[in-house]
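Report on the structure given below.
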Amino acid sequence: VTYSGLERLPILRLLATQVSVQHGYSSTSESRYATLFDPEARLIDFSFGDQSTVLAGVASQDSTGYDEPTSITVNERFQPLLGLTLGIKGGIQASISTNRTSQYSLQASTANVIEKTSQDVRVDLSYSRQGMRLFGLRGINNNIRFQLTALVAGDETFRHPLQNDILADLLPEDDLRRDQELPQRTSRISLSPQISYTVSNQVTADLVAQYDRTFSEAAGLTNRFTSAVRLRILFSN
């Protein structure tokens, strides 16, 4: 969903040439099954002191076997949850957006549900100028463009053992041991500046750099910096 035309408002008309607000949503669901042919229905036995409970298999049993899910994955994404794009007078373009992703995955082999949520805030800035005169030379485009992308993101992963839900239904509240596993968290900060220079249709140059700072409770703090220079020359008859 995009709502544009906000630059016509009196307050924004003096500064911006284009203003729009965006919102996007998408979701997917994927299930995989395997057909099993066991001669006997599987049993799950939970023993707690003097108490013993036996549960039958999760799927019905017949001569053709039964279908059991091996994995179920549900993705839900707001991209963006809220986004704002601005065209500012003077050749400046700016956009800010916040995104959110949730993923739920059933791992039947380990009887766990993995829940992962990701959130980020992204800012993009760009400035361009065309037709600069350098050294009094004519016939040279001299177009320059500066771009900057900043990203702050965070991930949080939970593991939910299905056995805990079964125990919650079988045992009294006083006998239930709720050993909740702590979530795994990861945070990231990224800065990506880029300068592009166009001499003509045949000659362009780019200077790019990227800095990433990542922190996770498992791996600790890591920093990475990369840079590159790209020169593009086209030869033609």
Side-chain angles (χ1 to χ4, degrees), residues 2 4 6-7 12 15-26 75 77-101 103 116-157 184-237:
T2 300
S4 58
L6 295 177
E7 67 276 3
L12 300 176
L15 298 176
T17 58
Q18 182 265 332
V19 180
S20 62
V21 178
Q22 304 88 29
H23 170 74
Y25 173 80
S26 62
N75 290 286
R77 183 167 182 82
F78 294 91
Q79 186 182 16
L81 180 63
L82 181 63
L84 177 65
T85 301
L86 298 171
I88 304 175
K89 295 180 180 180
I92 300 176
Q93 295 285 331
S95 67
I96 180 171
S97 63
T98 175
N99 307 289
R100 177 182 174 87
T101 302
Q103 182 185 79
K116 181 178 180 180
T117 59
S118 303
Q119 300 184 74
D120 65 73
V121 177
R122 179 187 176 106
V123 178
D124 292 281
L125 296 174
S126 67
Y127 169 76
S128 61
R129 185 175 177 183
Q130 300 178 351
M132 292 188 304
R133 296 289 297 275
L134 296 178
F135 310 113
L137 298 177
R138 298 179 179 273
I140 297 179
N141 291 340
N142 285 327
N143 299 336
I144 190 170
R145 180 180 178 84
F146 173 76
Q147 295 176 273
L148 175 64
T149 300
L151 178 71
V152 179
D155 299 336
E156 199 170 49
T157 303
Q184 298 180 359
R185 295 184 175 91
T186 301
S187 60
R188 178 184 171 214
I189 298 175
S190 177
L191 294 174
S192 303
Q194 176 176 339
I195 298 177
S196 301
Y197 180 67
T198 302
V199 179
S200 64
N201 294 333
Q202 286 75 34
V203 181
T204 60
D206 297 317
L207 174 62
V208 297
Q210 182 167 342
Y211 169 74
D212 291 301
R213 181 182 183 273
T214 304
F215 174 78
S216 67
E217 297 175 347
L221 179 64
T222 58
N223 293 279
R224 186 182 66 174
F225 176 79
T226 58
S227 60
V229 176
R230 296 194 294 259
L231 179 63
R232 181 172 175 264
I233 302 177
L234 298 179
F235 297 94
S236 60
N237 294 328

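- Distance check, rounded to the nearest 0.5 Å: CG of Leu151 to CD1 of Ile189 gives 9.5 Å.
- Atom CG of residue Leu207 and atom CG of residue Leu231 lie 12.0 Å apart, to the nearest 0.5 angstrom.
- In this structure the side chain of Thr214 never reaches within 4.5 angstrom of the side chain of Leu221, judged on heavy atoms.
- Qualifying side chain to side chain donor-acceptor pair (under 3.5 Å) partners for Ser190, counting only residues two or more places apart in sequence or in other chains: Asp212.
- Pairing each heavy atom of Thr17 with each of Ile88, the nearest pair is OG1-N, 4.4 Å.
- Side-chain atoms of Leu86 and Ile96, non-hydrogen and from C-beta on, never get closer than 4.5 Å to each other.
- With rounding to the nearest 0.5 angstrom, the CG atom of Leu234 is 4.5 Å from the CZ atom of Arg232.
- Separation of atoms CG (Leu12) and CG (Leu6) is listed at 7.0 Å; rounding is to 0.5 Å.
- Between Val208 and Arg230, the closest heavy-atom pair is CG1-NH2, 3.7 Å.
- The CD atom of Gln79 sits 11.5 Å away from atom CD of Gln22, with the distance rounded to the nearest 0.5 Å.
- Remark: Arg213 CZ to Asn223 CG distance equals 6.5 Å, nearest 0.5 Å.
- Judged purely by atom type and a 3.5 angstrom limit, His23 uses its side chain to pair as donor or acceptor with the backbone of Leu81.
- Between the side chains of Gln18 and Ser20, at least one donor-acceptor pair of N or O atoms lies under 3.5 Å.
- With a 4.5 Å cut-off on side-chain heavy atoms, Arg145 and Ser126 count as touching.
- For an aromatic pair to be called close, the ring centres must be under 6.0 Å apart, and Tyr127 with Phe146 fails this.
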Practice task
Tell me, with the steps shown, if Arg100 and Thr117 meet side-chain contact (heavy atoms from CB on, under 4.5 Å).
Solution key: CA-CA 7 Å; Arg100 177 182 174 87; Thr117 59; 4.2 Å; yes
Exercise for the section: Show your working on side-chain contact (heavy atoms from CB on, under 4.5 Å) between Val123 and Leu148 and close with a plain yes or no. Expected result: CA-CA 8 Å; Val123 178; Leu148 175 64; over 6 Å; no
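- Residues Ser216 and Ala219 share a closest heavy-atom pair of OG-N, 3.0 Å.
- When side chains are defined from C-beta on, Gln147 does not count as touching Asp124, because their heavy atoms never get closer than 4.5 Å.
- In this structure, Thr98 and Gln119 have side chains that are not in contact, with every pair of non-hydrogen atoms separated by 4.5 Å or more.
- With sequence neighbours excluded, no residue satisfies salt bridge (Lys or Arg N to Asp or Glu O under 4.0 Å) with Glu7.
- Within a 6.0 Å radius of CZ in Arg77, other residues, nucleotides and ligands contribute more than 12 heavy atoms.
- The minimum heavy-atom distance linking Ser192 with Gln210 is given by the pair OG-CG, 3.5 Å.
- In summary, the side chains of Tyr197 and Asp206 do not present any donor paired with an acceptor at a separation below 3.5 Å, with no hydrogens or angles considered.
- The side-chain contact (heavy atoms from CB on, under 4.5 Å) search around Asp155 returns Lys116, Ser118, Thr186, not counting sequence neighbours.
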Practice task
Please report the C-alpha distance between Gln103 and Thr101 in whole Å, then the side-chain angles of each, then the deciding distance to 0.1 Å, and finally whether the side chain to side chain donor-acceptor pair (under 3.5 Å) criterion is met.
Solution key: CA-CA 7 Å; Gln103 182 185 79; Thr101 302; over 6 Å; no
Handout entry: Criterion side-chain contact (heavy atoms from CB on, under 4.5 Å) on Arg122 and Thr149, from CA distance to verdict
Key = CA-CA 7 Å; Arg122 179 187 176 106; Thr149 300; 3.6 Å; yes
